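In what follows, a single structure is set out as structure tokens and then discussed.
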Amino acid sequence: RKEVEQDPGPFNVPEGATVAFNCTYSNSASQSFFWYRQDCRKEPKLLMSVYSSGNEDGRFTAQLNRASQYISLLIRDSKLSDSATYLCVVTPSYGQNFVFGPGTRLSVLP
Amino acid sequence: DAGVIQSPRHEVTEMGQEVTLRCKPISGHNSLFWYRQTMMRGLELLIYFNNNVPIDDSGMPEDRFSAKMPNASFSTLKIQPSEPRDSAVYFCASSQGHQPQHFGDGTRLSIL
């Protein structure tokens with residue numbers, strides 16, 4: 001089993017839709033969790049950190065479920081500019097290695 | 001504040017040539033990471049350094065690849081000799097502790 005798994009998509013949704021991505025991780029001792037977005041031919045950029053209690057940043061909501069070992073990202077009222085690949089990132093308890101998931105591709109359609 | 005700076009942005013060279021990619025991490029960050037990204041394999045961690053010391057190089061594909069970090073503000077990734085299958089985008093990233101990584105713009109490498 002891979003350390004971090006994501007549904008590769010693509011998710012094709014109309015503008016204004018709500019879309020959710022899940023990411024599962026295998027190391028139960030993982031400590032830190034993040035969502036990154038990567039636009040075509042660009043570098044990954046931090047979208048938001050994921051906290052145990054869940055957190056929200058505008059239209060974006062991140063949740064962590066330690067018991068089931070998954071994190072989620074919810075995007076409300078999706079915009080054309082949300083089209084990108086969303087990468088789930090997990091850091092284990094040891095060292096400082098960040099493990100990236102393969103990414104989920106989102107296309108928001110007009 | 002300057003972000004992670006990588007050079008060159010693009011490199012096109014013939015197979016067999018030596019390629020050197022450079023990275024300047026964000027000042028104050030104590031970890032530096034080298035990644036390779038292709039359509040087929042996604043984002044792969046090649047090696048990472050903590051306080052200038054290589055911690056995990058298990059992702060380095062083979063002996064043709066080497067990386068150094070002589071000081072806290074500079075790192076190189078070298079491929080010698082280069083092969084067409086090394087064509088990819090190479091990213092450098094830095095972080096402080098368990099804080100999120102910040103990526104450079106990447107080097108787009110094409111080996112002919």
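We name chains A, B, ... by the order of the sequence lines, and we start the count at 1 in each one. Every heavy atom of this structure was used, including side-chain atoms; hydrogens, water molecules and symmetry mates were not. Computed from a predicted model, the values in this text were never measured in an experiment.
- In the hydrophobic cluster analysis, where Ile, Leu, Val, Met, Phe, Trp and Tyr join through side-chain heavy atoms closer than 4.5 angstrom, B:F103 is grouped apart from B:F74.
- Side-chain atoms of A:Y36 come within 3.5 Å of backbone N or O of B:Q101 as a donor-acceptor pair.
- Minimum interatomic distance between A:K42 and B:F91 (heavy atoms only, all atoms of both residues): O-CZ, 3.7 Å.
- In this structure, the portion of B:R108 lying under 4.5 Å from any heavy atom of chain A is its side chain and not its backbone.
- Nearest heavy-atom pair, B:P100 versus A:F34, reported as atom, atom and distance to 0.1 Å: CG-CE2, 3.3 Å.
- Counting heavy-atom pairs under 4.5 Å between each of A:L87, A:T85, A:L46 and chain B puts A:L46 at the top.
- Clustering ILVMFWY residues whenever any of their side-chain heavy atoms sit less than 4.5 angstrom apart, transitively, puts A:F11 in the very cluster that holds A:V4.
- A continuous path of ILVMFWY side-chain contacts below 4.5 Å connects A:L106 to A:L80, so both sit in one hydrophobic cluster.
- Heavy-atom contacts from other residues, nucleotides or ligands closer than 6.0 Å to CG of B:N71 number more than 12.
- Counting non-hydrogen atoms of other residues, nucleotides and ligands closer than 6.0 Å to CD of B:E62 gives a total above 12.
- Under the 4.5 Å side-chain contact rule for hydrophobic residues, A:F60 and A:V13 share a cluster.
- Between A:F98 and B:F33, the closest heavy-atom pair is CD1-CZ, 3.7 Å.
- Only the backbone of B:Q99 has a heavy atom closer than 4.5 Å to any heavy atom of chain A.
- Proximity to chain B (any heavy atom under 4.5 Å) is shown, for A:P102, by neither the backbone nor the side chain.
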